[in-house]
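A short write-up of the structure that comes next.
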Amino acid sequence: MTQDHTTGPDAAPETPAPWRPSRTVAVVLAGGTGTRLGLGIPKQLLKIAGKPIIEHTLAVFEAAPEIDEIIVLMATGHVEQAQQIVDKAGFRKVSKVIEGGDTRNATTRIALDAVGEGDVNILFHDAVRPLVSARIVRECVNALWTYSAVDVAIPSADTIIQVDENDCITDIPVRATLRRGQTPQAFRSGTIREAYRRAEGDPHFAATDDCGVVLRYLPGTPIKVIDGSDENIKVTHPVDVHLADKLFQLAAAQAPRLTDHRSYTEELTGRTVVIFGGSYGIGHDLAELARRYGAQVFPFSRSSTGTHVERAEDVTAALKTAFEATGRIDHVVVTAGILEKGALADLDEETMDRVLQVNFVGPVIVARQSLPYLQQTKGQLLLYTSSSYTRGRAQYALYSSTKAALVNLTQALSDEWAEFGVRVNCINPERTATPMRTKAFGEEPEHTLLAAETVARSSLDVLISDLTGQVIDVRRAPGEPAAVPAQPTAVDADRLASAG
């Protein structure tokens, strides 16, 4: 840390030299053991949205242009697992994966030694905050040009009370001045090193927060606070796992969208897309879009090709046809589905069997048959659910439950197939204008329905993204017109192969 010097009793302080760090290093603190989650593995290795939590976290810093290097401090006995995650993901900025200390104090000192000497920006971040945003990282680094210590925090929505040893209130601080701390915490290397050097002389020193060390042992140092985000949660308790998973789903709703026709064409030309349920609605519109951008598309359905997704021999033949024609299969999409209304007690066995076979057994068969092809291309399986998957609805018991099963299947397969590099995602459109919906509900006001083409466009964005294990919500933008669904032929009126 630069200090002022004087040449005599009346001399003015010299102007501190401007801060010129040689690089910016993100230190990812992954020393937790997961005891509060009741796990047998460190919580940072728990999978959420198809990937270990620490992989999500590292990906943010890997993608941040402000970060030059990443150092991982891992829990004792799990360094090899962390290194395998780094190697498999291809994180080029990770220079070291080393064992952390027994305490936060010791871990920070190990990190400072690993960073080395010289003027460096250092960001300390909890590995189990996988939803940290690029904006937060950028603002932390930018703030270090002016401040030597930076914290991240959000306003407290709750009233904070202070209690004594008997759990009786002793004070209620003014909420307007209170913040809830998050990470990263960022420092000029000289500042954090000096704070810890001074702390060594305190026999009662025990750090849980690096900004707290600076505040206590370098009390004249301003600590800048930048705005965090509600999504930047720390996965600590069992409920946090579910919250983080849902937040990833919400984030995935904004799948990366390319900007122009040329970009889509560059992504899709030469790819082979197989669509089961490609004759009507979403499947049909997706096939048309993918063809427009240069993909070779093979739509199959019971009406157009006599393909039944619930029959393994039909699925085998369909995939073989596409592969023999192009030599590859990059994406397999299953929009096939049927919706039958009625109380469960009133449905006949034939109807129940048809719903279960087409809506669930079919996608399972397609998944099993597709894996060998998708392994070769590191491709993706895309399934479709319904907004009813979150809560079963009367008169749609089988439909809702099969759609919920597809969400579970998506999340499970994304985990199983991660080692093969195969991605699995699920689209969750709101009420969509498709022939299947028209058959079930009759004519509805168009302004209340999502256009099938909008769902198809979002589906295409997901297919060319790196997402996996995600349930992507697709919602109608205010004022967006809905497409009028094409009318099914009489031959297929009772068995539409198009999700809605």
Side-chain angles (χ1 to χ4, degrees), residues 46-60 62-63 84-91 130 244-258 264 266-268 270-276 282-283 286 289-290 293 295 297 319 322-323 328-335 363-385 405-429 455-474 499:
L46 180 70
K47 286 189 176 181
I48 291 178
K51 299 178 183 178
I53 290 175
I54 191 173
E55 183 175 344
H56 287 293
T57 304
L58 291 172
V60 176
E62 178 77 17
Q84 289 173 352
I85 291 170
V86 168
D87 294 341
K88 184 176 179 181
F91 293 135
D245 197 56
K246 187 59 181 177
L247 288 169
F248 271 112
Q249 291 177 19
L250 294 173
Q254 302 298 321
R257 175 161 289 185
L258 301 182
Y264 280 103
E266 289 175 351
E267 285 287 339
L268 287 163
R271 294 195 188 186
T272 298
V273 182
V274 176
I275 303 176
F276 291 95
I282 297 167
L286 177 58
L289 270 178
Y293 295 127
V297 183
L319 293 170
F323 184 78
R328 61 186 296 134
I329 295 178
D330 300 272
H331 307 293
V332 176
V333 181
V334 187
T335 65
V364 169
I365 290 173
V366 172
R368 285 168 57 88
Q369 302 277 18
S370 300
L371 179 58
Y373 297 101
L374 296 176
Q375 278 184 258
Q376 295 180 28
T377 58
K378 308 297 183 187
Q380 181 178 165
L381 172 67
L382 185 62
L383 304 176
Y384 288 76
T385 185
L406 290 184
V407 170
N408 194 288
L409 182 66
T410 295
Q411 294 166 335
L413 290 183
S414 69
D415 195 348
E416 288 184 20
W417 293 1
E419 63 178 294
F420 307 129
V422 177
R423 290 162 288 122
V424 187
N425 291 294
C426 190
I427 299 292
N428 176 33
V455 182
R457 172 72 65 176
S458 295
S459 301
L460 197 65
D461 290 332
V462 172
L463 286 176
I464 61 179
S465 76
D466 292 328
L467 296 173
T468 189
Q470 299 295 308
V471 180
I472 298 93
D473 293 336
V474 182

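Worth knowing before you read on, the calculation uses all heavy atoms, side chains too, and leaves out hydrogens, waters and symmetry mates. Computed from a predicted model, the values in this text were never measured in an experiment.
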- [ ] Show the numbers, then the answer: is there a side-chain contact (heavy atoms from CB on, under 4.5 Å) between Glu266 and Tyr293?
- [x] CA-CA 8 Å; Glu266 289 175 351; Tyr293 295 127; over 6 Å; no

Point-to-point distance, once rounded to the nearest 0.5 Å, from [atom1] of [X] to [atom2] of [Y]:
{"X": "Cys426", "Y": "Leu383", "atom1": "SG", "atom2": "CG", "value": "5.5 Å"}
{"X": "Asp473", "Y": "Ser458", "atom1": "CG", "atom2": "OG", "value": "10.5 Å"}
{"X": "Ile472", "Y": "Ile427", "atom1": "CD1", "atom2": "CD1", "value": "4.5 Å"}
{"X": "Asp415", "Y": "Lys47", "atom1": "CG", "atom2": "NZ", "value": "3.5 Å"}
{"X": "Thr410", "Y": "Arg423", "atom1": "OG1", "atom2": "CZ", "value": "13.5 Å"}
{"X": "Gln380", "Y": "Leu463", "atom1": "CD", "atom2": "CG", "value": "5.0 Å"}

Looking only at non-hydrogen atoms, find the nearest pair between [X] and [Y] and report the distance.
{"X": "Glu62", "Y": "Gly90", "value": "OE2-O, 4.3 Å"}
{"X": "Ala418", "Y": "Lys88", "value": "O-NZ, 3.0 Å"}
{"X": "Tyr384", "Y": "Val334", "value": "CD1-O, 3.2 Å"}
{"X": "Thr385", "Y": "Pro429", "value": "O-CD, 3.5 Å"}
{"X": "Thr335", "Y": "Gly283", "value": "OG1-CA, 3.7 Å"}
{"X": "Arg328", "Y": "Gly270", "value": "CD-O, 3.5 Å"}

Between [X] (side chain only) and [Y] (backbone N and O only), is there a donor and an acceptor less than 3.5 Å apart?
{"X": "His331", "Y": "Thr272", "value": "no"}
{"X": "Lys378", "Y": "Phe420", "value": "yes"}
{"X": "Lys51", "Y": "Gly469", "value": "no"}

Side-chain touch [X]/[Y], heavy atoms, less than 4.5 angstrom:
{"X": "Val60", "Y": "Leu58", "result": "no"}
{"X": "Leu382", "Y": "Val462", "result": "yes"}
{"X": "Leu374", "Y": "Leu381", "result": "yes"}
{"X": "Trp417", "Y": "Leu371", "result": "yes"}
{"X": "Leu460", "Y": "Leu268", "result": "yes"}
{"X": "Leu289", "Y": "Arg457", "result": "yes"}
{"X": "Asp245", "Y": "Gln411", "result": "yes"}
{"X": "Asn428", "Y": "Val474", "result": "no"}

Open item on the list: Checking Ser465 against Asp461 for the side-chain contact (heavy atoms from CB on, under 4.5 Å) test, could you report, in this order, the C-alpha distance in whole Å, the side-chain angles of both residues, the deciding distance, and whether it holds?
Closed with: CA-CA 6 Å; Ser465 76; Asp461 290 332; over 6 Å; no

Task: Criterion side-chain contact (heavy atoms from CB on, under 4.5 Å) on Asp466 and Thr468, from CA distance to verdict - done: CA-CA 7 Å; Asp466 292 328; Thr468 189; over 6 Å; no

Task: Worked verdict on Ile275 versus Leu286 for side-chain contact (heavy atoms from CB on, under 4.5 Å) - done: CA-CA 9 Å; Ile275 303 176; Leu286 177 58; 4.0 Å; yes

Open item on the list: Under the side-chain hydrogen bond (donor to acceptor under 3.5 Å, both in side chains) definition, can you give me all pairs with a residue in residues 368-377, not counting sequence neighbours?
Closed with: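 For residues 368-377, and leaving out neighbouring residues, the side-chain hydrogen bond (donor to acceptor under 3.5 Å, both in side chains) pairs sorted by first residue read Thr316-Gln369.
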
